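Worksheet: the structure to be examined is printed underneath.
Letters A, B, ... are given to chains in the order of the sequence lines, protein chains preceding strands, and every chain is numbered from 1. All of these numbers come straight from a predicted model, not from anything done at the bench.
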Amino acid sequence: MRLSRSFLPTLRDTPKEADIVSHRLMLRAGLIRQQAAGIYSWLPLGKRVLANIERIVREEQNRAGAIEVLMPTLQSADLWRESGRYDDYGKEMLRIKDRHEREMLYGPTNEEMITDIFRSYVRSYKELPLNLYHIQWKFRDEVRPRFGVMRGREFLMKDAYSFDIDEPSARRAYNRMFVAYLRTFDRLGVKAIPMRADSGPIGGDATHEFIVLAATGESAVFLDKEALDSPIPGADTDFSGDLTPIVSAWTTKYAATEEMHDKAAFEAIPEERRLEARGIEVGQVFYFGTKYSTPLGAKVTGPDGADHDVHMGSYGIGVSRLVAAVIEASHDDAGIIWPSSIAPYQVGLINLKVGDANTDAACDGLYQRLMNAGIEVLYDDVDGRAGVKFATMDLIGLPWQLIVGPKGLANGEVELKRRATGERETLTLDAAVNRLVAG
RNA sequence: CGGGGCAUAGCGCAGUCUGGUAGCGCAUCUGGUUUGGGACCAGAGGGUCGCAAGUUCGAAUCUUGCUGCCCCGACCA
């Protein structure tokens, strides 16, 4: 993408409503624009990051055997009356009426709807296990939205729902999502630690929150430092096999949120391994048994010929929140530092002297070669001062900056800078292209 | 939902106490000089001062009501 033809409104000053670093940087780098309290538009750069996160989440869900669907944002109140949650959910649920005065709501979550889909079609245990997920906008009318997209009212979430014949099967489904989450967050470039969590109003008796450590996190967390070094399962993990060893490796080390904190257990850990920190919840997995299947009548016939209420779990990832969480975990004074896997572009190609025939030709050539190699490039082809170009490129945080100016070109050289470390190398044009193609 | 704060040009702010017809920096546009880490000079455009009522000869400024947004707490992916 040529900068001259893109829409990338960056801000030099920090808007005053933004308090935490991720919110400031998201506004300054032109990722989002606030439209109302807790409601944001996603501008081109932010949209690309969001799409990259979605892509990785989707790949790992699919790998773990979950199947993608798409449910609507608007739901009928009737379904929620069946589960009893229409009255229980309270003011956080945005309730609206259509032109026929029918009661509707903007979905805060989808347990009822997915259970309705399930009960409409599935009759036999032979169709299980089943895990359906979607990535859709949710609305929760928070009393106090804050910190930009970290706690918005409208937010993008991946939510998966598993259906099994009995509890042991449901626990295996839980483990599959648990392992998928380990892989997902690792690929997104963040270290998310599963922690024993409170089950809250959704209910259930097995749940973990996946928490990214960050100083500005909303939750206090307590963990054994050794939990940070547990291994990430590989892409070749057999999801049809026994995942208990992987899950156990992560859950035997102490790691808990404030609500579930067990002081005695924590203090049993050698002092040098105790870590008290703050974190951002980016995902949560629940096993809640028949909490919804019983009231909604989601049952299958088992091998014994009898009907069984299905055992369910739900598994959420805060996709839009992750954009902020990644920035909280990965930035410096100059701006964002995107992990390569979700960066809006891999390379920022900087033309330091637009209008100079040699420099233009070299940049245009590099741009073409990189694009042909399948590398996503943001090409700053706008006539401007070097300092402004560098500052903007640092702000938006692309992993690589390829700096092309007349001085270097006189020696047939360009400069390649790695955003994360600030490390620079002077290379020939060919060497620079090869380096970027190699990753 | 309790407590606190803010609302003046695209962004950041001053002016409000003490009423007199709106200003600064950045950004934008034009011309010139510059040009490897947020340049300089000259000029220009851009505001029903959040909305509504009131007081007054006169309101950004005083009064009342409303709305929006932010922060702390409680609550939450």
Compare the minimum distances between each of [options] and the side chain of [X], then state the nucleotide with the smallest one.
{"X": "A:P15", "options": "B:C69, B:C11, B:A77", "result": "B:C11"}
{"X": "A:R424", "options": "B:A7, B:C75, B:G37", "result": "B:G37"}
{"X": "A:K16", "options": "B:C6, B:G36, B:G25", "result": "B:C6"}
{"X": "A:V388", "options": "B:A77, B:A39, B:C13", "result": "B:A39"}
{"X": "A:I403", "options": "B:G38, B:G37, B:G36", "result": "B:G36"}
{"X": "A:E17", "options": "B:C70, B:C11, B:A77", "result": "B:C70"}
{"X": "A:L352", "options": "B:G36, B:A77, B:G38", "result": "B:G36"}
{"X": "A:A37", "options": "B:G38, B:C69, B:G36", "result": "B:C69"}
{"X": "A:D13", "options": "B:G36, B:C11, B:A74", "result": "B:C11"}
{"X": "A:Q284", "options": "B:C1, B:A77, B:C71", "result": "B:A77"}

Report task. Figure out the CD1/P separation between A:I135 and B:A77, and round it to whole Å. Result ->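 Whole-Å distance recorded here is 19 Å.
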Query - Rounded distance in Å - CG (A:L11) to C1' (B:G25) - result: 16 Å
Report task. Rounded to whole angstrom, note down the P distance from B:C71 over to B:G12. Result -> 14 Å
Does [X] put a side-chain nitrogen or oxygen below 4.0 Å from OP1 or OP2 of [N]?
{"X": "A:R385", "N": "B:A39", "answer": "yes"}
{"X": "A:K91", "N": "B:C1", "answer": "yes"}
{"X": "A:R12", "N": "B:G12", "answer": "no"}
{"X": "A:Q34", "N": "B:G68", "answer": "no"}

Query raised in the report: So, A:Y287 versus A:Y174, ring centres under 6.0 angstrom or not?
Result: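 No: the rings miss the under 6.0 Å criterion.
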Query raised in the report: Counting N and O atoms only, with roles assigned by atom type, does the side chain of A:K138 sit under 3.5 Å from a partner on the main chain of A:N110, one being a donor and the other an acceptor?
Result: no
Query raised in the report: Hey, does the side chain of A:R321 reach the backbone of A:V282 with a donor-acceptor pair shorter than 3.5 angstrom?
Result: no
Would you indicate what [X] reaches in the nucleic acid, counting non-hydrogen atoms under 4.0 angstrom: base, sugar-phosphate, or nothing?
{"X": "A:G405", "result": "base"}
{"X": "A:A18", "result": "nothing"}
{"X": "A:G387", "result": "sugar-phosphate"}

Query raised in the report: Are any of the side-chain nitrogens in A:K253 or A:D224 under 4.0 Å away from the carboxylate oxygens of its partner?
Result: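 Not counted as a salt bridge, because no side-chain N and carboxylate O are separated by less than 4.0 Å.
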Query raised in the report: Taking NZ, NE, NH1 and NH2 as the nitrogens, is one of them in A:E111 or A:K291 under 4.0 Å from a carboxylate oxygen of the other?
Result: no
Requested in this report: Check if the side chain of A:R24 and the base of B:G12 share a donor-acceptor pair of N or O atoms closer than 3.5 Å.
Outcome: no
**Report entry** Verdict with reasoning, A:T426 to A:E413, per side chain to side chain donor-acceptor pair (under 3.5 Å)
**Finding:** CA-CA 6 Å; A:T426 301; A:E413 290 171 337; 5.4 Å; no
